[in-house]
Amino acid sequence: MLLNGSQMITQALKHEGVEVVFGYPGGAALNIFDEVYKQSDYELVLTRHEQAAVHAADGYARASGKVGVVFVTSGPGFTNAVTGIATAYADSIPLIIISGQVNLGLVGTDAFQEIDAVGISRPCVKHNFLVKTIEELPRVLKEAFYIAKSGRPGPVHIDIPKDISIAVGEFEYPEKIKMQTYKPNLNGHPLQIKKACEALSAAKHPVALVGGGAVSSHASEEVRKFAQKTNIPCVMTLMGLGVLASDCPQNLGLVGMHGSYAANMTLSEADLIICLGARFDDRVTGKVSEFGRNAKVIHIDIDPSSIGKIISVDFPIVGDLKNVLRDINEKISNSKFDFTQWWEQIALYTKLHPLGYTDAADGAPLKPQWVVEKTSELAGEKALVVTDVGQHQMWVAQFYKFSRARQLLTSGGLGTMGYGVPAALGATWALDDKEIPVISFSGDAGVMMNIQELMTLKANNKRVINIVLNNNFLGMVRQWQSFFYEERFSATVLTEQPDFVKLAESFGCEGYRVSDKAGFEAALKAALASQKSALIEVVIDRFENVLPMVPAGGALYNMMFN
């Protein structure tokens with residue numbers, strides 16, 4: 001079948017079952033956007049900024065488990081998208097980013113809106129392509145989807161010169177891909193699995209560290225079976241929250257810099273750490289030389305480069321976590337485990353420093369932790385939760401009650417402010433049940449970075465409830481300045497802010513400003529009952545801190561509580 005390059009792209013997306021594409025047009029991508037206009041196989045969503053387009057595709061991918069797709073143009077269109085691409089790369093989110101490029105003969109000439117997109121994207125993508133012939137385009141498209149969603153997922157970038165997008169060639173879309181240099185190992189080595197099971201049987205104080213790999217490998221059921229069978233305590237990275245429900249008896253909650261004392265001490269005092277799809281990020285380990293000092297380490301990960309990269313591993317298992325855990329669960333099906341004394345010790349940790357906060361007195365500014373808890377209560381367990389980055393992100397991680405994987409969407413590895421609103425926008429396309437509320441938590445600083453996407457929500461009749469915790473600060477940076485910089489609040493004071501209610505209303509959304517509990521409950525109930533997007537500005541205690549806290553570079557067992 002003879003097709004031009006733009007038609008090949010639309011046909012490839014149809015073959016891959018793509019439902020929605022997020023993007024922003026421009027000259028070098030006009031042929032592609034024109035072709036999309038002619039077809040009806042999937043929806044094209046015009047965001048108001050390229051960074052937001054990538055965050056929206058990212059939110060869709062995280063919420064659905066499918067590949068997110070983005071179209072942008074060359075030059076500034078692509079450079080605007082880079083922050084979103086890097087965000088997805090840090091958290092292993094499968095995306096396809098198709099960028100228009102100047103004509104092939106102009107590449108390297110500093111032509112209008114030309115930039116070395118492949119060179120720029122190389123550090124923050126799983127793979128990238130510059131398409132130089134129409135003959136290679138079908139193969140490139142197939143390989144891109146295969147690479148993005150297989151193994152350790154990640155974003156793949158395809159740069160397509162404008163003349164290639166209109167050139168005509170034979171379109172034969174490959175049914176299968178075989179790449180000699182890329183063959184993810186899906187099954188763990190039987191001998192290593194046997195050794196890991198023996199180590200578990202011998203352990204007295206084991207702990208499972210559950211990471212984002214448990215989400216991307218769809219391994220929640222296997223993790224839950226493992227936890228229930230062994231009665232092993234489990235601690236969660238930010239990306240792993242929801243894999244075990246918050247009320248699961250084995251779940252000790254968030255671990256790391258802002259984890260609970262019980263979670264951090266359990267990890268510090270364990271004699272065996274079973275890492276399930278986590279990469280030992282510095283926010284989890286704290287001081288590496290003090291991390292798990294007395295523990296043997298089992299590390300299960302599909303990415304061999306992650307194993308032994310930061311923490312020495314005694315039992316490395318390369319494979320898809322779902323497959324490996326299925327084998328482990330089968331192998332230990334008849335085993336008996338008794339960690340009663342270990343749980344008694346953990347109970348003492350919980351009693352010594354329980355995760356909590358002092359609620360606001362009558363008439364005092366609201367405590368953000370209460371706002372998070374009340375939202376969790378009123379929105380219900382079906383709600384999908386998105387956060388921006390900062391203090392509110394950590395309060396959500398600490399106090400929101402999660403019931404399932406993919407319920408929390410947040411920028412973990414890169415920590416990208418401005419992620420929340422567009423990611424929540426994208427997530428709405430992933431929901432089969434349109435009545436499921438999407439709740440986006442932001443700070444008054446982060447929400448301003450992509451607030452223009454309220455217009456995209458309105459234009460597409462989508463509903464997101466945006467809760468803005470307003471302390472008139474760059475809150476997390478201010479917290480560090482309070483603790484470590486003698487309260488020198490350099491460039492963090494935000495006393496001059498817009499009228500968020502009027503701003504929301506100007507975008508066609510409902511706006512609320514609340515400063516007490518009754519006002520917040522009424523506003524949230526109204527927003528949940530409405531079919532329109534809303535922004536609820538919540539005036540909170542300006543100097544409330546996220547606690548406990550492990551100072552940067554400190555050991556997990558040395559925590560600050562005030």
Side-chain angles (χ1 to χ4, degrees), residues 5-6 9-10 13 18 20-37 42-61 67-89 93 95-125 127-132 137 140-141 144 148 155-166 414 416 418-419 421-423 425-426 449-453 455-456 459-460:
S6 299
I9 294 170
T10 60
L13 267 56
V18 173
V20 60
V21 174
F22 303 89
Y24 202 99
L30 275 180
N31 293 331
I32 300 171
F33 277 85
D34 184 59
E35 194 57 45
V36 172
Y37 184 86
Y42 47 85
E43 187 174 359
L44 174 64
V45 179
L46 170 66
T47 58
R48 270 43 179 183
H49 194 281
E50 291 91 349
Q51 178 185 342
V54 185
H55 288 328
D58 175 305
Y60 169 82
V67 178
V69 181
V70 184
F71 290 163
V72 295
T73 193
S74 64
F78 181 76
T79 57
N80 281 345
V82 170
T83 299
I85 298 170
T87 300
Y89 180 70
I93 307 303
L95 299 183
I96 300 293
I97 303 94
I98 295 178
S99 61
Q101 182 55 277
V102 300
N103 286 342
L104 196 58
L106 293 176
V107 171
T109 68
D110 295 328
F112 177 67
Q113 291 195 331
E114 183 207 352
I115 197 74
D116 180 7
V118 169
I120 289 172
S121 71
R122 187 169 291 116
C124 58
V125 294
H127 195 64
N128 58 15
F129 302 88
L130 172 61
V131 181
K132 296 181 180 179
L137 183 55
V140 166
L141 290 163
V156 177
H157 169 219
I158 309 172
D159 202 31
I160 303 180
K162 190 172 184 180
D163 49 349
I164 299 296
S165 71
I166 202 65
L414 198 64
T416 305
Y419 175 81
V421 176
L425 161 75
M449 290 191 173
N450 272 311
I451 201 167
Q452 76 282 342
E453 298 313 314
M455 194 72 254
T456 312
N460 290 276

For I115 and I120: C-alpha separation, side-chain torsions, deciding distance, then whether side-chain contact (heavy atoms from CB on, under 4.5 Å) applies.
CA-CA 8 Å; I115 197 74; I120 289 172; 3.4 Å; yes

Test side-chain contact (heavy atoms from CB on, under 4.5 Å) applied to V102 and V107, step by step:
CA-CA 6 Å; V102 300; V107 171; 4.1 Å; yes

Spacing of [atom1] belonging to [X] relative to [atom2] belonging to [Y], to within rounding of 0.5 Å:
{"X": "I164", "Y": "I32", "atom1": "CD1", "atom2": "CD1", "result": "11.0 Å"}
{"X": "Q113", "Y": "L106", "atom1": "CD", "atom2": "CG", "result": "12.5 Å"}
{"X": "I9", "Y": "F33", "atom1": "CD1", "atom2": "CZ", "result": "10.5 Å"}
{"X": "D159", "Y": "S99", "atom1": "CG", "atom2": "OG", "result": "3.5 Å"}
{"X": "H49", "Y": "I451", "atom1": "NE2", "atom2": "CD1", "result": "14.5 Å"}
{"X": "K132", "Y": "L104", "atom1": "NZ", "atom2": "CG", "result": "7.5 Å"}

Using a 3.5 Å distance criterion without hydrogens, assess whether the side chain of Q101 forms a donor-acceptor pair with backbone atoms of A28.
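Answer holds: no.
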
Under the side-chain contact (heavy atoms from CB on, under 4.5 Å) criterion, do I85 and L95 qualify, and how do the steps go?
CA-CA 8 Å; I85 298 170; L95 299 183; 5.8 Å; no

side-chain contact (heavy atoms from CB on, under 4.5 Å) assessment of V156 paired with F129:
CA-CA 8 Å; V156 177; F129 302 88; 3.8 Å; yes

Does a donor on one side chain and an acceptor on the other come within less than 3.5 Å for Y419 and D58?
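Judged by distance alone, the side chains do pair up.
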
Taking the inter-plane angle between the rings of H157 and F78 on a 0 to 90° scale, is it parallel (under 30°), tilted (30 to 60°) or perpendicular (over 60°)?
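Parallel, since the angle between the ring planes stays under 30°.
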
